[in-house]
Each structure stands twice: as structure tokens, then as C-alpha cells.
S.K.: 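Take this structure, written in C-alpha cells, and hold onto it; I'll ask about it next.
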Amino acid sequence: MSAPKLLSANFGSEVSHRLDHYLERGGYDEARRVIAEVEPEQVIDQVKRAKLRGCGGAGFPTGMKWSFIPKGGDKPVYLAVNADEGEPGTFKDKYILTYEPHMLLEGMLICGKAVGCHKAYIYVRGEFDLPIERMEQAVAEAYERGYLGADVMGTGFPFDVVVHRGGGAYICGEETALLESLEGKPGHPRLKPPFPALVGLHGCPTVINNVETLALVPHITRLGADAFLKLGVESQGGTKLYCVSGHVNRPGIFELSPSVTLRALIDDYAGGMRDGAKLKAVIPGGLSAPVLRPDELDTEGSFEGLKQVNSMLGSAGLIVMDESVCMVEAMHTIIQFYAHESCGQCTPCREGTGWMRRIVERILAGHGRAEDTANLDSIARKITGTTICPLGDAAAWPVMGFVEKFRDEFEYFCKNGRSMVSGEKVGA
Amino acid sequence: MAAGDNTTTGETLSAALAAKEVEVTCFPEELREECDALRARYETPRAALMPLLWAFQRRYGYVSREMERVIAEELEIPLIWVRETVTFYTMYNQRPVGSHHVQVCGNLSCTLCGARETIRMIEEELGIAVGETTADGRFTLSVVQCLAACEEAPMMQVNDRYYGRLDRQRVREIFGGLE
Ligand SMILES: Cc1cc2nc3c(=O)[nH]c(=O)nc-3n(C[C@H](O)[C@H](O)[C@H](O)COP(=O)(O)O)c2cc1C
Ligand code: FES
């Protein structure tokens, strides 16, 4: 199962972010060839056959997304690169921005050719100083040497890139909030439809893709769709970056075939449980993904594999918890995040997240009521599907998962006024 | 979201922070070139707002109400557009902050690795509580959401740098090495 390291071979390098280093590795050859020789439809077809799935969270087929962009319209087409990386437990795009900024730019150029786009924005989360610095440096170098600008590599193809710094708001990772933010506004998600492919940035057709998704694109055109698909599983081509954190011996980032099981990820790659502790629970795809029990970890770490256990691969951020963790306390950390980050536009999300937070705080303080566990579940269920954007769902799913799988801990805390795990009340 | 919650707490500014307040009543010439470049780069004046706010914060450490007005006039956009963007995003400081803004992650992966104890320990080391600034105006302490460095939990950001795998000794070294 040793997958080639398409993205991560140079993570940690002192030099891989420089243009010359990228060129020595054959960098920009694919963009040059595709722009000069390949028809847009062929590029889209290849990405479709490669079964590249969006790495931002939803796993949407990238080739299909690109095919929604109208051809030959009179409005400009934009590309918005999602480098907001806000989903707790996720830290992969940071590595690409820092160590392979030119690989991302090359993927963006190929996308530009495929959808007829000549201007791209890279929306980077505001806290990422070093990644932003590296990305800006790469863009400047690429302009200077003709890999970006009015005439990319002498092909006559124009392509401009702007690095845009976010302002610290999780919601701006949601694609339409990101567009609002790029227009200088508060990040309030938009109602869909219309979808950004038709009405996106400044009312123009817009592709929004995650950093990892785009960085994989040059590898698809280089290897060919079939070879790329073979690196993955039937439903999902290529390699995947997994982020593992929490109670493991070697937290970190691992590029693997999505055929890897979660158990292997934890035991073989992340070095197993810290201090030989016993595993209790895993959040498999960033904080929003429903929690899994130890007996559910033999599932394949692909988008489809995680669906089969009623969770999701999401942003592939695995948060591993050992038996010392009180799930009510962990729930509090999770729900305070969503209550803090709800943009406030939709009542169910704005009020529901705060309400659930207050219930969990009451339980932790030892004042839980008999009906609190059921209420958490029912409030969560009433949020799902009733909001403009999926932040509401993202807040509801973990609550539903925790209550379903660790119900006894919630009920014990409510009944006894203290944690089943630590024997104490926490007093949030 | 609790917009601007990093820097709006506290009724009055300590003397040390008040000393960092600056008066800006017209558009600063030194930012003119950058502003023109931003306006050329973005499709609309409003879209150039966020990067222009960043430019002001880099220069002055925060964005005052006065600066908001100056920016609105310069971009020829309504003041409320500037105001709502400044207050929506948590990273724009609406008041001066300590020279070193210590932001400790309190999200799940960090909490699993002891962030709660880390926060208490840093409060002890600095002699202030979360949300406060030291009397000399050097340090402001905040707890923030996941900073996408969970592999180095527990971690914090001090101004533009990330520091991971924190323990008391490392925190002392880090703070000791700052101006
Ligand atoms: C609340 C919320 C936060 C999100 N945060 C991110 C993020 O930080 N990075 C990201 O790439 N996608 C994020 N997404 C997913 C994006 O909306 C979008 O699906 C993605 O950027 C599309 O790119 P992809 O098809 O390449 O995955 C978020 C979605 C929601 C609902
Ligand atoms: S949880 Fe602390 S950096 Fe992600």
C-alpha cells in the first residue's frame, strides 16, 4: 500500500517552495503542455475519469464541477481557491501552501485552461503568516519569470493570481461566504441556487476548489486518468492527505491511498495510541464528522467508505480520543466552537448552537436535567436541513453522533451530576 | 459569531495600551501607493477593503473608528460597509493590543493534549487572565479556535508565529526570547 507521494514528498524542505526547485522537478511542464495543446473539454474529461474528488469537505467530483461552468459566455470566469483551512482537526493545506506553492499554481493554471478562467483568488486564512508569505513569494516569482501574467509561458494565455488574506472567521471556508468575503463583505453564506458556477464572484461564473484538490491536478494530466485512478479506489482516484491528531504517538500528516483503513492510519502510521492507552472514539473527518467507535475503524478511509459507517471523510482530519476522555466535556469543546462561529444569519443555527452549548454547560456544572440528553438530540435534528449553509448541519451532526454513541455518559452525567469517566463535575 | 471578541473586551484601556492609540484624520500618504495597487487588483473598491484594513492594521496595530471613516472616504463606499466588515472578522483589532498577542488554541485536539492546563499555566506566567493585557502593555492573552496546527498540540500563536508542543519550560523560553 505504499502510495507515491504526489503532494508530500517535499513537505519540510527548505527549498521546495522556490520556483527553480519546482522547475528542476519538471514543474510547469504540464501547465505549458495543457495550455498549448489540450482542448478544455479533454482536460475536464480527464479529471472526470481520474475521479478526483474535492478535498475541502464535500468530496464533490471536481471534473463535474468544472463542467458546470458555461462555455463561451460574455462574463469573465473566476477561480477561487479555498485555503481557509478552518475545520478543526485539519492542517493539510498549510503544508501545500508552505512547501509546494508552485504545484498549487500549476494546478490553478490547468483549471484555468479547462474552464476558460483568467483570474484567480487564493483565499488564505488570516492566521497563516508563513503560508501566506510563501504563497505571495511564489506568485511574485511566477509573475517575474512569465509563469503568470498576460502571456503565460509564451502561450498567449493570460492568468492573474491574487493572494487574499482572510480575517479570522470559520464560516468563510463555506464557499459562498468565501465569495462574499472576497467582495469585501461580512461572510454571510448565500442562498443556492443560483450556484457559483453560474453566479459567483461579482455575479460571474466561479469555480471554487480546495488547495489539495487543485494541487493534485497536474499529477492527473501527467500520469493520465487511468494511472491516477489506480492510485486510489474505484470511487475516488489519487492519493489523499490525512491529518491525525489527539491521543496518538505520532500526530501528523500522511499521504496515502484512500484504501487505507482508519485503524491502519492510527496504528501503523500515527504510531498507535499514546502511552499504550485504549482507544475510545475517533472523529474521522474534521470536527463536523459524526464520531466513530473503536469497532467502526476497519472501514476504508475514502469518501464512500466513511458513508458506509454513517460518517464522512470531510476534510480528512482524524481526531483520536483515548479512554480518559469524558465525552460530555469533549462535546462542550465542540459545541462552543459552532456557537462561536455561527454567522447568525439563520435562526435555527444561531439559536440552536447557543442553546445546545448552554445545555452542555449546565450538565457539566452538575445541574443536568433528565430530559437534557433527549433535548440535545432533538434540537440538533431540528437544525439539520433548515439553514442556508451547512454550518448548521456541521454543528448538529457531531451532537447527534455523540448522543447516539455515548448516550450513557450523557445520561449518567445528568443523573449523577458528575462525569462517568473522571467522577467529577467540570463546571464549564 | 462573537465578532472582534479578541480585542473589544474591557471597559477602559490601560495606560500602556492607551499610549498606543494613534490619531489618523486623513488618508496616510505612506499607504497611498499600496491602496492604489489594491484598487487596481480588485474588481470593485469594496473588494479592496479587507486588504486595505490589513494594511492599516500592519501600520498602526489596530483599526480605529477614525480610520474606518478615512478608509470609507478613500474607497468612496458607505461607512457602514467598513464598519460591518471590521466588526464581523475577529482578526481586525478595534483597539490597540499588547505588543505580543498570545493566542492559545482551545479547540479539541489541543484540549485533548492538555490545552486547558496550558492556558492556566500561561495565565500564571504572565500574571493575567484570558482577555487581559499586562500592565506594561507587552502581552495580551486570548483563547482562540483551532489554528490548523493540531499536530503540534497544545499550541499557540504569538503575533505572526506558531509555537507547538508547549510546556512551561518552552513557554518561558519563548516569552523570554521576545522583546
Ligand atoms: C462551514 C463550512 C466550512 C468550510 N470550510 C472549508 C475550508 O476551510 N476549506 C475548504 O476547502 N472547504 C471548506 N468548506 C467546503 C467548501 O464549502 C467547498 O465545498 C469546497 O471549498 C469546495 O472545494 P472542493 O470541491 O475542492 O472540495 C466548508 C464548508 C462549510 C459548510
Ligand atoms: S485544535 Fe488546536 S490547532 Fe487545531
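Order of the sequence lines fixes the chain letters, A, B, ..., with proteins taken first and strands second; residue numbering starts at 1 for each chain. Remember, predicted model here, so these are calculated numbers, not experimental data.
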S.K.: Of the backbone (N, CA, C, O) and the side chain (C-beta and beyond), which part of E84(B) lies under 4.5 Å from a heavy atom of chain A, both, or neither?
M.R.: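 E84(B) touches chain A through backbone and side-chain heavy atoms alike.
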
S.K.: Side chain from CB out, backbone as N, CA, C, O: work out which of these in K185(A) comes under 4.5 Å of a heavy atom of chain B, or both, or neither.
M.R.: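 Both backbone and side chain of K185(A) come within 4.5 Å of chain B.
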
S.K.: Mark yes or no for whether N82(A), through its side chain, and G173(A), through its backbone, hold a donor-acceptor pair below 3.5 Å.
M.R.: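 Looks like yes, one N/O pair under 3.5 Å.
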
S.K.: Which residues from residues 50-80 of chain B are near chain A, with near meaning under 4.5 Å between non-hydrogen atoms?
M.R.: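 Those residues of residues 50-80 of chain B which have a heavy atom under 4.5 Å from chain A are M50(B), P51(B), W54(B).
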
S.K.: Using non-hydrogen atoms only, which part of R83(B) is less than 4.5 Å away from chain A: side chain, backbone, both, or neither?
M.R.: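 R83(B) has no heavy atom closer than 4.5 Å to chain A.
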
S.K.: Top residue by heavy-atom pair count (under 4.5 Å) with chain B, among K119(A), E85(A), R250(A), E133(A)?
M.R.: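 The option with the most such pairs is K119(A).
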
S.K.: Output yes when a side-chain donor or acceptor of Q345(A) lies under 3.5 Å from a complementary backbone atom of P189(A), and no otherwise.
M.R.: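 Judged by distance alone, yes, a pair lies under 3.5 Å.
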
S.K.: Could you tell me which residues in residues 145-155 of chain B have at least one non-hydrogen atom under 4.5 Å from a non-hydrogen atom of chain A, sorted by residue number?
M.R.: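 The stretch touches chain A at Q145(B), C146(B), L147(B), A148(B), A149(B), C150(B), E151(B).
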
S.K.: Of the backbone (N, CA, C, O) and the side chain (C-beta and beyond), which part of Y121(A) lies under 4.5 Å from a heavy atom of chain B, both, or neither?
M.R.: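 Contact with chain B is through the side chain of Y121(A) alone.
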
S.K.: Side chain, backbone, both or neither: which part of V161(A) has an atom under 4.5 Å from a heavy atom of chain B?
M.R.: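 Neither part.
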
S.K.: Give the member of S324(A), G89(A), G252(A), C243(A) that has the highest number of heavy-atom pairs under 4.5 Å with chain B.
M.R.: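 Sorted descending by pairs with chain B, the first entry is G89(A).
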
S.K.: Report the option among H188(A), R165(A), R274(A) that has the most heavy-atom pairs separated by less than 4.5 Å from atoms of chain B.
M.R.: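 Most heavy-atom pairs under 4.5 Å with chain B: R165(A).
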
S.K.: Return the option, out of G354(A), G166(A), G317(A), with the maximum number of heavy-atom pairs under 4.5 Å with chain B.
M.R.: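 Answer, by heavy-atom pair count under 4.5 Å with chain B: G166(A).
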
S.K.: Can you tell which of G246(A), P186(A), P251(A) has the highest number of heavy-atom pairs within less than 4.5 Å of chain B?
M.R.: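 Highest number of heavy-atom pairs under 4.5 Å: P186(A).
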
S.K.: Which bit of I283(A) comes within less than 4.5 Å of chain B, counting heavy atoms only: side chain, backbone, both or neither?
M.R.: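 The side chain, not the backbone.
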
S.K.: Check whether Y162(B) gets within reach of chain A through its side chain, its backbone, both or neither, counting any heavy atom under 4.5 Å.
M.R.: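 Contact with chain A: side chain only.
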
S.K.: Does any heavy atom of chain B fall under 4.5 Å from the side chain of E183(A), the backbone, both, or neither of them?
M.R.: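 Backbone of E183(A) only, per the 4.5 Å heavy-atom cut-off to chain B.
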
